[in-house]
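To start, the structure itself, in structure tokens.
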Amino acid sequence: MRHSRRDFIQTLSAPLLAMPFLAMSEKHQKYEGPILRVAIMGLGNYGTRVAEAMKSCKKAKLVGVISGTPSKIKSWQAKYQIPEKNCYNYQDFDKIRDNPDIDAVYVITPNALHRDQVIRVAKAGKHVICEKPMSVNAADAQQMVDACKRAKVKLLVGYRMHFEPKTLEIIRMRKAGEFGKVLFFQGLSGFQIGDPTQWRLKKELSGGGAMMDIGIYSVNGSRYMIGEDPVWVTAQEVKTNKEKFREGIDETITFQLGFPGGAVASCLSTYTMNNLDRFFLNGEKGYAEMQPSTGYGPILGHTHKGELVYPHVAHQTFQMDEMAGIILEGKEPIVPVDGGEGLKDMKIIDAIYKAVQTGKKESVYL
Ligand code: NAD
């Protein structure tokens with residue numbers, strides 16, 4: 001039986017509506033708590049998107065930049081009123097340790113640079129938010145987690161979907177048993193990649209192909225949708241264009257994950273097909289379906305109970321406000337976003353690449 005949109009809104013759970021970022025009345029109240037002062041490292045496409053979304057944050061503020069391009073620094077200074085003393089380049093950003101006006105650095109550079117940059121930021125005594133994938137393999141991710149622990153700074157990974165309201169409603173329903181025993185997840189993550197010369201297609205900068213970039217959404221999503229961590233993987237690779245997708249750059253990988261409770265996930269990661277952004281969760285009593293499921297939104301989704309309805313807000317606005325709460329006030333997110341969570345995904349990706357090579361079922365130890 002399908003419920004009307006109105007019924008569905010009325011039946012939304014109290015805990016979800018009580019979440020601070022969803023309470024519409026709060027939007028108009030003046031916020032007087034602590035503000036996370038953030039410097040963005042890497043002023044590219046995604047860095048720009050984050051900066052724009054942060055304009056609407058109430059708990060986080062863009063106050064600094066780290067870039068290798070002086071002209072970009074100048075234009076960001078003008079656009080976001082960033083003082084000269086909060087601008088750094090890739091050579092001198094260790095000096096950020098002497099800057100009391102910056103609390104955290106958000107690393108938004110090519111994947112293979114994350115490890116060293118995050119470790120340098122940690123050594124400079126600042127909290128770090130690092131884009132996904134947090135590194136290019138689990139060994140690097142472990143070093144990052146260890147360095148942040150040693151430096152006593154927080155390390156968060158830019159998993160914006162962990163704060164997305166429709167995603168969180170499905171997670172709430174699953175925890176409340178509304179789907180019954182969950183036995184199946186399908187994750188399809190892919191797009192057609194353009195420019196063959198970009199860093200995403202260079203192993204030394206990307207660490208891998210579609211799996212590192214977009215397949216990770218299905219890896220990570222399978223865990224928060226099912227609510228468990230996988231114990232085995234199998235995987236198969238298909239390459240149709242060896243010129244564009246060279247050695248070490250995966251074009252398409254299908255993979256399967258097995259979970260301790262008996263659920264299985266069947267996923268696709270690709271750089272060759274468009275319109276692949278779909279999650280499907282099936283339980284004994286119900287289901288959830290999202291398409292798009294991890295794009296910038298609006299996310300569209302429904303369950304056996306009806307359509308999921310929430311106003312769309314830029315994901316990065318929610319993310320940065322919530323991350324400010326985690327870093328400054330010790331708030332616990334509903335779905336963890338710490339370095340340990342990023343490390344788990346890197347271990348799974350390592351196992352997927354291994355399974356492609358061996359053709360065997362590979363165990364995962366998280
Ligand atoms: P981009 O190419 O648009 O930007 C990368 C930036 O890094 C550029 O400003 C570039 O100048 C700088 N850079 C510094 N050193 C570099 C080097 N040696 N080679 C190349 N560039 C260098 O890339 P992007 O799309 O902004 O992606 C950056 C990171 O953000 C990646 O890790 C990516 O996976 C992640 N990302 C996350 C999301 C998300 O939704 N969470 C979306 C897009 C990208």
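Heavy-atom basis, side chains included; hydrogens, waters and symmetry copies ignored. Note that ligands are numbered from 1 as they come in the structure, with each ligand's atoms numbered from 1 the same way.
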Checklist line | Matching residue for H302 among E289, K166, E307 - test: side-chain hydrogen bond (donor to acceptor under 3.5 Å, both in side chains) | finding: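 Exactly one option meets the side-chain hydrogen bond (donor to acceptor under 3.5 Å, both in side chains) with H302, and it is E289.
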Margin query: Consider side-chain hydrogen bond (donor to acceptor under 3.5 Å, both in side chains). Of K126, K61, R37, which one does D103 pass it with?
Written below: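 The residue from K126, K61, R37 that satisfies side-chain hydrogen bond (donor to acceptor under 3.5 Å, both in side chains) with D103 turns out to be R37.
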Atoms in ligand 1 flagged as close to [X], the criterion being non-hydrogen separation under 4.0 Å:
X: K72; answer: 8 (C), 9 (O), 11 (O)
X: L113; answer: 15 (N), 16 (C), 17 (C), 18 (N)
X: Y90; answer: 12 (C), 14 (C)
X: G158; answer: 41 (N)
X: H114; answer: 32 (O)

Notebook entry, point to check: Is the number of heavy atoms from other residues, nucleotides or ligands under 6.0 Å of K354 NZ greater than 12?
Noted result: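 No, the 6.0 Å shell around NZ holds no more than 12 heavy atoms from other groups.
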Margin query: Between V121 and F93, does the side chain to side chain contact (heavy atoms under 4.5 Å, CB included) criterion hold? Intermediate values first, please.
Written below: CA-CA 8 Å; V121 171; F93 75 80; 3.9 Å; yes
[atom]: nearest protein contact (heavy atom, Å):
atom: atom 29 (C) of ligand 1; answer: T109 O, 3.3 Å
atom: atom 19 (N) of ligand 1; answer: L205 CD1, 3.9 Å
atom: atom 41 (N) of ligand 1; answer: E131 OE1, 2.9 Å
atom: atom 32 (O) of ligand 1; answer: N111 OD1, 2.7 Å
atom: atom 28 (C) of ligand 1; answer: I108 O, 3.5 Å
atom: atom 26 (O) of ligand 1; answer: Y46 N, 2.9 Å
atom: atom 34 (O) of ligand 1; answer: K132 O, 2.8 Å

Notebook entry, point to check: Think R49 forms a cation-pi with Y296, using NZ or CZ under 6.0 Å from the six-ring centre and within 45 degrees of its axis?
Noted result: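 Flagged: R49 positioned over aromatic ring of Y296.
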Next item on the list: Could you check T240 against E251 for side chain to side chain donor-acceptor pair (under 3.5 Å), going step by step and ending with a plain yes or no?
Entry: CA-CA 8 Å; T240 64; E251 177 188 341; 2.6 Å; yes
Margin query: List the residues meeting side-chain contact (heavy atoms from CB on, under 4.5 Å) with R246, not counting sequence neighbours, and say none if there are none.
Written below: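 Only E243 meet the side-chain contact (heavy atoms from CB on, under 4.5 Å) criterion with R246.
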Checklist line | K85 with D101: basic N within carboxylate O range, under 4.0 Å | finding: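 Yes, this pair counts.
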With a heavy-atom distance limit of 4.0 Å, tell me whether [X] approaches ligand 1 through its side chain, its backbone, both, or neither.
X: R160; answer: side chain
X: Y217; answer: side chain
X: R200; answer: side chain
X: N45; answer: both
X: M212; answer: neither
X: W199; answer: side chain
X: Y159; answer: neither

Check: Are any side-chain N or O atoms of Q316 and backbone N or O atoms of M54, one a donor and one an acceptor, separated by less than 3.5 Å?
Finding: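 Looks like no, no N/O pair under 3.5 Å.
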Next item on the list: State whether the shortest distance between N or O atoms of G44 and N or O atoms of ligand 1 falls below 3.5 angstrom.
Entry: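 Yes, since at least one N or O of G44 sits under 3.5 Å from an N or O of ligand 1.
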Note to self: So, 4.0 Å and heavy atoms of P110: is ligand 1 close enough to count as a contact?
What the structure shows: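 P110 counts as a contact of ligand 1 under the 4.0 Å cut-off.
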Notebook entry, point to check: Can you list the residues that meet the ring pair (Phe, Tyr, Trp, His ring centres under 6.0 Å) rule with W76, with sequence neighbours excluded?
Noted result: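 Partners of W76 under the ring pair (Phe, Tyr, Trp, His ring centres under 6.0 Å) test: Y80.
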Item checked: Nearest-0.5 Å distance, CZ of residue F279 to OG of residue S189 ->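 Taking CZ in F279 and OG in S189, the distance rounds to 5.5 Å.
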Margin query: What's the separation between atom OG in S218 and atom CE in M225, rounded to the nearest 0.5 Å?
Written below: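 The distance works out to 10.0 Å.
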Notebook entry, point to check: Do N137 and D350 meet the criterion of a side-chain donor-acceptor pair at a distance under 3.5 Å?
Noted result: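 No, D350 and N137 have no side-chain donor paired with an acceptor closer than 3.5 Å.
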